[in-house]
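Keep in mind that what you see is a predicted model, and the values were worked out from it rather than measured. Computation of the quantities below employed the complete heavy-atom set of this structure, encompassing side-chain atoms and omitting hydrogens, waters and symmetry-equivalent molecules. The first residue in the sequence is number 1, and the count goes up from there. Note that ligands are numbered from 1 as they come in the structure, with each ligand's atoms numbered from 1 the same way.
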Amino acid sequence: MITLLRRMWAMYPTERRGTALIAVGSLTTAVGEAALAVTVAGLMSSVLSAGRPAGWLVSAVVAAIVYVAVSAWTAHSVVVAARDRLDQTHRMIADKLPDLPMSWFDSQPTAASVALAKRAGDAASVAGHAFATAVSAAVPPVLVGVALLWFDWRAALTVLIGIPLSIGLSRFMTARSARVRTAEAEADRDVDDRVIEFATKQRTIRSSGLPDAGVGRLETAFARQHARSRASLRHALVGVNAGALVLGAALAVMLVLVAHPLDDVATTIAAVVIGANALRIAAAVPGTVLLCGHTVTELDAVAAMLSTPTPPDGIQTAAPTDRARPAIEMSGVRFTYGDETAPVFDGLSLSIPVGGLTAVVGPSGSGKSTLFKLIARHVDPGAGSVAVNGVDVRELTRSALSSLIAVVPQDVYLFDDSIERNIRLGAPAVDEARLRAAAGAARVDEIAARFPDGWDGRVGEGGRLLSGGERQRVSIARAIVKDAPILLLDEITSALDNHNQSAVDEVIDGLRTDRTLVVIAHRLETIAGADHVIFLEDGEVVEQGAPDQLLAAGARYADFHDQRSRALHWSIV
Ligand SMILES: Nc1ncnc2c1ncn2[C@@H]1O[C@H](COP(=O)(O)OP(=O)(O)OP(=O)(O)O)[C@@H](O)[C@H]1O
């Protein structure tokens, strides 16, 4: 309970007033409830012993009014705070996501990010309610127990010992169940991931010739989730029942103690009634302790995501193209994925001139894609520097870097929206004429013409209604419309049909005239047409220069070229 209050206080600094209102309101409601129980007991005892009940009656009425008014106000504060906290949590996540390092996304299965947003919302809205419920279950019984000392010390003693015992036991069980609950949450996320995989990767599953393998993975995940949720439920039930058992035993002990010897019947009856009532209210404590524990676990997961260190943003807002300086320059770059793996680059230095087409070539795993990630600052080097137009990318603001560089990946993802809006993402404010010109340059107009709705035709989730080459052409149009002076393009490895291939070749030719085009090139035609080739192997630049020069040198690039040419002439007999 206190831990939950501390988490709410720390996570929502702007909502502290709401948190304080809930804390004060819950405590006041609890005091009002205890006062009502005690005054009713006094009234009962006074009536039974033919005393003067007027004083007790007035006190009971005042306590009832205070209790009802404050509890209504607290319930209202809880609802308002839940809504505000939900909004704020979504805002905090939305603000944080664009700044998170790409390594965070790489380390998370897709479902984990989806689940996080949902869990965050649930935990944020339930936090105030969980705290108020826990206070209303735990505090009134303790206050009543203290007041009972005035009526019957034996009843008081059983309440004051029984309740802490019950809470202590539940807390112990909750601490154990938190671990089981974390394991259950992992299994839930795994199921989400498998379902997403199963639903979106049907083509891969079917073309593997083993459709049962996909179902098998799904079934294994479901079985694990089932086992873990049963374990979690078992722990929760044991915790709740153990606490309730202690309270039941306390009630039995109270009845035995107050009856031997039975002194003042009226006072004893009143004491037993409110003592039993206090134990009944306290029976809700184990459940609320569990709810508070789960909410803290969820808030901690959100807090962990929010406190993920983000690469600091730079301050320089521009880096104009200057032909005297390289468009891209890397010096002494060291980069490792995670802590355990070998470095991809260890002291890499290279430079790419302004303008023309530079082809980055090399065997699989040599570091070509990682090079692009470093230039676009999707990752930062552990040592060394990456500069664009002479300015270290870490010095530039994110938006300045983004306006300098457009990236066209190999595996383009398009949003399930119209062709036009997918292109417009590159520059939302672009006018119609420029948008159409960019689409024409990337030969996307041909694609739009094929759709019954033309430019408004939806491309399906991920762009699944288009071929790989067509998706890349839409992505190129998006990059053209953005008008960045540097374009990084990862050429598609899979064979494109002739039409798509010539379209992409034409587009590449058009683009190299007025910007720096860097292509991870897989096709020999693209490499042969490049102005400059950088040949990477094992994270090092082993050769660079004009393609003809490299071929004539007869070294590593020439070998690679030879192998590729021979592979092209292979045929299945
Ligand atoms: N997210 C990642 N986490 C860990 N290691 C990675 C990650 N991405 C790439 N690697 C490793 O880094 C090395 C360089 O990978 P990279 O993708 O840059 O090579 P590449 O030349 O682009 O390969 P390909 O031509 O097959 O796409 C490889 O050993 C790869 O296994």
Side-chain angles (χ1 to χ4, degrees), residues 97 100-113 193 197 201 204 308-311 328 330 332-350 352 357-384 386 393 405-413 468-469 471-472 475 486-496 504 508 517-527 530 532-544 547 550 556-557 559-565 567-568:
L97 279 175
L100 279 173
M102 289 306 289
S103 55
W104 186 87
F105 296 95
D106 288 346
S107 67
Q108 308 274 329
T110 316
S113 326
D193 246 0
E197 181 183 84
K201 305 295 175 219
T204 310
T308 305
T310 49
I328 296 161
M330 291 188 165
V333 167
R334 184 182 160 84
F335 177 77
T336 311
Y337 284 106
D339 303 325
E340 316 266 294
T341 51
V344 180
F345 299 125
D346 195 1
L348 177 79
S349 297
L350 58 82
I352 294 174
L357 167 59
T358 298
V360 179
V361 184
S364 177
S366 53
K368 303 180 294 291
S369 306
T370 310
L371 187 80
F372 272 21
K373 288 182 197 171
L374 282 159
I375 299 169
R377 214 189 162 198
H378 294 165
V379 292
D380 276 343
V386 181
V393 289
I405 293 173
V407 184
V408 177
Q410 189 181 131
D411 186 14
V412 173
Y413 185 94
R471 280 201 293 274
Q472 198 166 53
S475 175
I486 297 170
L487 196 142
L488 309 179
L489 190 148
D490 192 351
E491 197 175 51
I492 295 183
T493 40
S494 55
L496 294 180
V504 172
I508 289 180
L517 183 58
V518 188
V519 179
I520 294 180
H522 302 287
R523 294 172 54 245
L524 294 177
E525 292 89 334
T526 314
I527 303 169
H532 187 71
V533 173
I534 293 178
F535 188 73
L536 274 182
E537 200 166 43
D538 291 334
E540 283 177 29
V541 178
V542 287
E543 278 179 281
Q544 59 177 314
L550 296 186
R556 283 299 298 124
Y557 169 75
D559 288 350
F560 175 83
H561 187 276
D562 244 28
Q563 283 167 11
R564 281 285 164 100
S565 317
L568 272 181

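Annotation: side chain of L371 is in contact with side chain of L350 (closest heavy-atom distance under 4.5 Å).
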Contact table ligand 1 N or O to protein N or O, d under 3.5 Å:
from: ligand 1; atom 1: 18 (O); to: S369; atom 2: N; distance (Å): 3.4
from: ligand 1; atom 1: 18 (O); to: T370; atom 2: N; distance (Å): 2.9
from: ligand 1; atom 1: 18 (O); to: T370; atom 2: OG1; distance (Å): 2.5
from: ligand 1; atom 1: 19 (O); to: G367; atom 2: N; distance (Å): 3.3
from: ligand 1; atom 1: 21 (O); to: G365; atom 2: N; distance (Å): 3.4
from: ligand 1; atom 1: 21 (O); to: S366; atom 2: N; distance (Å): 3.1
from: ligand 1; atom 1: 21 (O); to: S366; atom 2: OG; distance (Å): 3.4
from: ligand 1; atom 1: 21 (O); to: G367; atom 2: N; distance (Å): 3.0
from: ligand 1; atom 1: 21 (O); to: K368; atom 2: N; distance (Å): 3.0
from: ligand 1; atom 1: 21 (O); to: K368; atom 2: NZ; distance (Å): 2.9
from: ligand 1; atom 1: 22 (O); to: S369; atom 2: N; distance (Å): 2.9
from: ligand 1; atom 1: 22 (O); to: S369; atom 2: OG; distance (Å): 2.7
from: ligand 1; atom 1: 23 (O); to: G365; atom 2: N; distance (Å): 2.9
from: ligand 1; atom 1: 25 (O); to: K368; atom 2: NZ; distance (Å): 2.9
from: ligand 1; atom 1: 26 (O); to: S364; atom 2: OG; distance (Å): 2.6

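Residues that satisfy the side-chain hydrogen bond (donor to acceptor under 3.5 Å, both in side chains) test with D380, not counting sequence neighbours, are R377. With sequence neighbours excluded, the residues forming a side chain to side chain contact (heavy atoms under 4.5 Å, CB included) with D346 are R334, P343, listed by chain and number. Q544 pairs by the side chain to side chain contact (heavy atoms under 4.5 Å, CB included) definition with H532, I534, V541, not counting sequence neighbours.
Looking only at distances, no side-chain donor or acceptor of E537 sits under 3.5 Å from a matching main-chain atom of E543.
The aromatic rings of Y557 and H561 sit tilted relative to each other, their planes meeting at an angle between 30° and 60°.
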